[in-house]
Amino acid sequence: MIIAVMEDSKKKSVARRATVRHLVVVLGDQLDRNSAAFDGFDEKTDIVWMCEAQDESTRIPVSLPRIVMFVSAMRHFRIKLEQEGIRVQYHDFSAKRMTLDRALREDIAALSPQRVILLEPGEWGIREVLRAACPPALLEERADRHFLCSHEAFEKHARGRKQLRMEFFYREMRRKHGVLLDADGEPEGGEWNYDSENRKSFGREGPGRLTMPAPAAFPPDAITRGVIDDVRRYFPENPGRVDDFDWPITREQALIALKDFIDHRLAAFGDHQDAMWAGEPWLFHSRISAALNLKLLDTKEVIDQVERAYRKGKAPLAAVEGFIRQILGWREYVRGVYWRHMPQYLERNALDAREPLPAFFWTGDTPMNCLSDCVGQTLRYGYAHHIQRLMVTGLFCLMLGVDPKEVHRWYLAVYVDALEWVELPNTLGMSQYADGGVMASKPYVATGRYIERMSNYCSGCRFDPGVSTGDKACPFTTLYWDFLQRHEKMLRANPRMGLQVRNLTRLDTDQRDAIRKQADQLRSRLRASKSKW
Ligand code: FAD
Ligand code: SF4
């Protein structure tokens, strides 16, 4: 017997049999038909459960591009499942406002499944919510094989080490998964890491439009246009713009984006992965982080395709190694750190930073050219590349002394690829040093000179990166010297900061005072225009 429980005539799939065997939960970042959640799936007795939980978009001020990314990808995935004849119990936020746990509780009560299948959620908080919403006797949690390092394997790697370092983890991963090894099982080319070849700027001429093809773009189809209309209507206060939305939101599109990157930009990725250029958000980056995080792409397939490009002579070793290190190394590593240290990790504030996030982070409206460009493109596309996130927005917050929780909320809200397991260690650890050295062996601090070297931002800016006090002073340079003074004692104990701290001795007392005063004035000014969020 089939009992209809339809709330909306459009949802023809919302029906149940008298006996539902498995209710298979598919979250917005689990859009993979080959995931462990679907192992043993029987379309005659099993139902997929999906929910566009509105609380996910309002508990932090999630930007419009990020909401569109997740919701559109979910709606496309639902259609794909239904085309296969799979029944989907789907909660659409525009039809009914639902929290994740309430929706699941109600459906478990209504459908009485024999089992609820849950692929382990990527986020600690969501795992807790879903565990609480489901009677333990019904719940079957399955490991996520999208990742190449299991929790147990990471624990084994970490146990007994005084300090974790990505580089050692990465080498183990290369050996274990047979990636970029020569016939003797040694690193291809003799070195594990070619980072020293990968830090070039573009020089005065810039990246050169002719040699930098525009990445594959995916203009919104009717479904995405519907989502865009919905988010504009339901989240009128949320930040960000969706006029330029062109991200890959299906597996087919994600594969095209990956191929396009490998064919056209991978070869130059290594050389210029740290470089920035005003008005050029993509440069030689892949734009696949969101597709990977939503599981439209498989980790190993990405690594294999990139390695194959190297074997076929399409890209140099330094570029290929540099790219693979981001995925097999950093991405897996930050996930390991996240699960090892949550939930306490979220509370860390090793530098006792208490300033509010400056209001311009929600508008891009600042005379600092670098920040205006990076925040502006973030709100417009939901994207900034790694160095923009680490050495412009992140660096400014770190040296200003912004509360790491506020910084975390911003990063989690604004990027299309933002998920807590990957965002939090990068933000709170790597960029803000709030974990006291779990992720990074020292705080990444620099004057405006670093930004000047790696971009053309400073040439159009009213500040001077070489000046630390007075009207022309670059706020990065002021805050750098202020940061070293404020944390001098702690930094002296860190051998990797020795040179930078020794440079402080070049400043006499008057210079130190003037810098402190200028930094305090900057903080007061920024505090006065407190963010509405
Ligand atoms: P590319 O530059 O082409 O790099 C290739 C891939 O490597 C990326 O797609 C990504 O999957 C992976 N990768 C690169 N660096 C990292 C890293 N540090 N950690 C994990 N994976 C990495 N990445 C996210 O996916 N989600 C986030 O929420 C996120 N938040 C960040 C916050 C801060 C403060 C910083 C410094 C970095 C953050 N990153 C995050 C990492 C990185 O900035 C993005 O993965 C990258 O910019 C995405 O663009 P892309 O796909 O063009 O990457
Ligand atoms: Fe940024 Fe300073 Fe350069 Fe201006 S001068 S773009 S504020 S680093």
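Counting starts at 1 for both ligands and their atoms, in listed order. This is a predicted model, so every value here is computed, not measured. Atom set for the values below is all heavy atoms of this structure, side chains included, hydrogens, waters and symmetry mates excluded.
- Closest to atom 14 (C) of ligand 1 by heavy atom, among M391, H408, Q326, is Q326.
- In this structure, OG in S289 is found 11.0 Å from OH in Y415, a value given to the nearest 0.5 Å.
- Counting heavy atoms closer than 4.0 Å to ligand 1, residue A384 contributes backbone atoms (N, CA, C, O) but none from C-beta onward.
- At a 4.0 Å heavy-atom cut-off, ligand 1 touches N293 through the side chain alone.
- The number of heavy-atom neighbours closer than 6.0 Å to CG of D471, taken from other residues, nucleotides and ligands shown, is 12 or below.
- Shortest contact from atom 18 (N) of ligand 1 to any protein heavy atom: N426 OD1, 3.0 Å.
- Judged by the 6.0 Å distance and 45° axis criteria, R66 is positioned over the aromatic ring of F70.
- Counting heavy-atom neighbours within 6.0 Å of D365 CG, excluding the residue itself, gives a total of 12 or less.
- Under 4.0 Å from ligand 1, heavy atoms of D417 appear from its side chain as well as its backbone.
- For an aromatic pair to be called close, the ring centres must be under 6.0 Å apart, and W247 with Y381 fails this.
- Sorted by chain and number, the protein atoms of type N, O or S within less than 2.8 Å of atom 1 (Fe) of ligand 2 are C370 SG.
- At least one heavy atom of R287 sits less than 4.0 Å from an atom of ligand 1.
- The closest approach between any non-hydrogen atom of P425 and ligand 1 is not below 4.0 Å.
- For F218 and F245, the ring centers sit 6.0 Å or farther from each other.
- When all heavy atoms of M368 and F476 are compared, the closest pair comes out as SD-CE1, 4.4 Å.
- Distances shorter than 4.0 angstrom occur between a heavy atom of Y411 and an atom of ligand 1.
- Atoms of ligand 1 found under 4.0 Å from any heavy atom of R331 (numbered from 1 in listed order, with element): 11 (O), 20 (C), 21 (N).
- From the protein, the heavy atom lying nearest to atom 5 (C) of ligand 1 is F323 CE1, 3.3 Å.
- Residue L419 approaches ligand 1 through these ligand atoms, each under 4.0 Å from one of its heavy atoms: 28 (O).
- Closest protein heavy atom to atom 6 (C) of ligand 1: I327 CG1, 3.7 Å.
- What sits closest to atom 23 (N) of ligand 1 on the protein, heavy atoms only, is V422 CG2, 3.7 Å.
- In this structure, R287 forms no cation-pi arrangement with F261, as its terminal cationic atom is not both closer than 6.0 Å to the ring centre and no more than 45° off the ring axis.
- In summary, the atoms of ligand 1 found under 4.0 Å from a heavy atom of L292, numbered by their order in the structure, are 11 (O).
- The two residues P425 and V334 come nearest to each other via the heavy atoms CG-O, 3.5 Å.
- In this structure, H385 is part of the shell of residues with a heavy atom less than 4.0 angstrom from ligand 1.
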Q: I would like to know whether Q388 and T393 meet side-chain contact (heavy atoms from CB on, under 4.5 Å); could you show each step before the answer?
A: CA-CA 7 Å; Q388 293 174 307; T393 42; 5.8 Å; no
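- Looking at I288 next to ligand 1, an N or O pair under 3.5 Å apart turns up.
- Between W421 and F147, the ring centre distance stays below 6.0 Å.
- The closest non-hydrogen atom to atom 8 (C) of ligand 1, taken over A291, P281, S289, comes from S289.
- At a cut-off of 3.5 Å, with distance as the only test, no side-chain donor of H408 or T427 sits close to an acceptor on the other residue.
- Interatomic distance, CG of N503 versus CE of M497, reported as 10.0 Å (0.5 Å rounding).
- Nearest-residue assignment for atom 29 (C) of ligand 1 (options R325, R265, R389, R335; heavy-atom criterion): R389.
- Closest to atom 41 (C) of ligand 1 among all protein heavy atoms lies H386 ND1, 3.8 Å.
- For atom 2 (O) of ligand 1, the nearest protein heavy atom (residue, atom name, distance) is H285 ND1, 2.7 Å.
- Ranked by closest heavy atom to atom 16 (C) of ligand 1, the top entry among W410, F269, W330, Y415 is W330.
- The shortest contact between atom 53 (O) of ligand 1 and any protein heavy atom is with S286 OG, 3.8 Å.
- A distance below 6.0 Å separates the ring centres of F323 and F269.
- Of all heavy-atom pairs spanning Q432 and G394, the tightest one is NE2-O, 2.9 Å.
- Between D29 atom CG and I126 atom CD1 the span is 7.0 Å, to the nearest 0.5 Å.
- A distance of 6.0 Å or more separates the ring centres of Y170 and W330.
- Look at Y383 and you'll find a heavy atom under 4.0 Å from some atom of ligand 1.
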